[in-house]
Amino acid sequence: MDYYTFSKYGLQVRELDIRHTVESAQPLTFYADYDLGKGLLSYVGGNGQVNANFTGTSKNCAVRFDSRGLSAARKDFVERFRLKDDMADIYENIATDDFMRSAIKNYRGMRITLNDPWETTLCFIVSQYNNVKRIRLIIKRFVKEFGSDVVDSNGKVVGKSFPTSERLTEFSEADFRRCGAGFRAKYIAKAAECCTNNIDLYKLRKNDYDGLKENLMTISGVGDKVADCIALMGYGKMEAFPIDVWVKRTLEKVYFKGKDKKIGYLHKFAEDRFGAYSGQAQQYIFWQGRNL
DNA sequence: ACCCAGGCGGGCG
DNA sequence: CGCCCGCATGGG
């Protein structure tokens, strides 16, 4: 059973809570413009500018796009918000206990977004030892400073595209520091160079999860946690389970009486418990844990 | 003022 | 290998 159908000016969607999805710290939402009070979200997708207008509830919402470029916007949106996912099956498989059931109840409709691999890489390099608000600030500065103009059919500038790795090789560590990247500026300069001249992130799409993660971790500034975030939100590897401070803290509190557990142990715990849907489970644990 | 943030690389034992 | 430390910066 599909979770979306085409409507005249957009889509009719079930199980999509745009607020929780946008607010739960995912790459798209680090630089998209939105006014959730008015149900507005706009971003530059793979098929150009998308302006979406939401009405309804998380159980059943209507999404309306500009009539111009409607089919491209629909296509982009379906991929971006993973509307083909079988949410009933996902909920059923990750609702393993009271804590998970409660998290799902609180944030039902929160989706994992699928983003461009390089965008995701840059966003999560910036995310390390940082907070969500400041990640957004820095990423927005990168788009503003280094992105190129996106124009509509009349030549009018409607937004800025996310800067490619190649584009960033035209700039230096000092330029990235000026955007507030701090000590991560060095990682970014190296990563941009690496992803332009050594690794083709788009060819890594053919890898399975293990091979992908191994390749990603050769990039400067990409360790275990960031690699899992990129695998999950940049490549759609739903079995990835990123463990940040919040997820670690929450797992230990809920399942291990607050006792310290090693990252490797927690990865195995998640794999056994959530399996192929670990990534979706992680997003609920992360957001519930942060808001406890 | 002080503390923390979706961690990582490097150095040391 | 595992452990520990420093790290830029802005908001609470």
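What you see is a predicted model, and the numbers here were worked out from it, not measured in a lab. Lettering of chains follows the sequences in order, A, B, ..., and the numbering in each one begins at 1.
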Scan residues 224-235 of chain A against DNA chain B and write down, sorted by residue number, each residue with any heavy atom closer than 4.0 Å; if none is found, say none. Asp224(A), Lys225(A), Val226(A), Met233(A)
Sorted by first residue and then second, give each side chain to side chain donor-acceptor pair (under 3.5 Å) pair with at least one member in residues 227-245 of chain A; sequence neighbours left out. Tyr209(A)-Asp228(A), Lys213(A)-Asp228(A)
Tell me, which of residues 240-252 of chain A have any heavy atom that sits under 4.0 Å from an atom in DNA chain B? Pro242(A), Asp244(A), Val245(A), Trp246(A), Arg249(A)
Enumerate all atom pairs, one protein N or O and one N or O from nucleotides 5-7 of chain C, separated by less than 3.5 Å.
none

Could you spell out the base pairing of DNA chain B in dot-bracket, with Watson-Crick or G-U pairs whose two distances are under 3.5 Å, [ ] crossing and | to another strand? .||||.|||||||
Between the protein and nucleotides 10-12 of chain C, are there any N/O to N/O pairs under 3.5 Å, and if so, what are the atom names and distances?
unit_1, atom_1, unit_2, atom_2, d
dG10(C), N2, Asn131(A), ND2, 3.4

How close or far is atom C1' of dA5(B) from atom CD1 of Ile138(A), stated in whole angstroms? 11 Å
My understanding is that only residues two or more places apart in sequence, or in another chain, count here; which of them pass ring-ring contact (aromatic ring centres under 6.0 Å, His included) with Phe171(A)? Phe146(A)
For residues 134-142 of chain A, dump all side-chain donor-acceptor pairs below 3.5 Å to protein atoms at least two apart in sequence or in another chain.
unit_1, atom_1, unit_2, atom_2, d
Arg134(A), NE, Asn130(A), OD1, 3.2
Arg134(A), NH1, Gly180(A), O, 3.3
Arg136(A), NE, Thr29(A), O, 3.0
Arg136(A), NE, Tyr34(A), OH, 3.2
Arg136(A), NH2, Val22(A), O, 3.4
Lys140(A), NZ, Ala32(A), O, 3.4
Lys140(A), NZ, Asp33(A), OD1, 2.9
Arg141(A), NH1, Cys179(A), O, 3.0

Numerically ordered, the residues 283-292 of chain A set in heavy-atom contact under 4.0 Å with DNA chain B is Gln283(A), Phe286(A), Arg290(A)
Think Arg184(A) forms a cation-pi with Phe176(A), using NZ or CZ under 6.0 Å from the six-ring centre and within 45 degrees of its axis? no
Give the table of side-chain donor-acceptor pairs shorter than 3.5 Å for residues 99-110 of chain A, with sequence neighbours excluded, one pair per line with atom names and distance.
unit_1, atom_1, unit_2, atom_2, d
Arg101(A), NH1, Ala95(A), O, 3.3
Arg101(A), NH2, Asp98(A), OD1, 3.0
Asn106(A), ND2, Ser102(A), O, 3.4
Asn106(A), ND2, Gln288(A), OE1, 3.0
Tyr107(A), OH, Asn291(A), OD1, 3.4
Arg108(A), NE, Glu15(A), OE1, 3.3
Arg108(A), NE, Glu15(A), OE2, 3.4

Validation: residues 50-58 of chain A side-chain donor-acceptor distances under 3.5 Å, sequence neighbours left out:
unit_1, atom_1, unit_2, atom_2, d
Asn51(A), OD1, Gln49(A), NE2, 3.1
Asn51(A), ND2, Asp66(A), OD2, 2.8
Thr57(A), OG1, Lys59(A), N, 3.3
Thr57(A), OG1, Asn60(A), N, 3.2

Enumerate the residues from residues 207-214 of chain A whose closest heavy atom to DNA chain B is under 4.0 Å, giving them by residue number; use none for an empty result. none
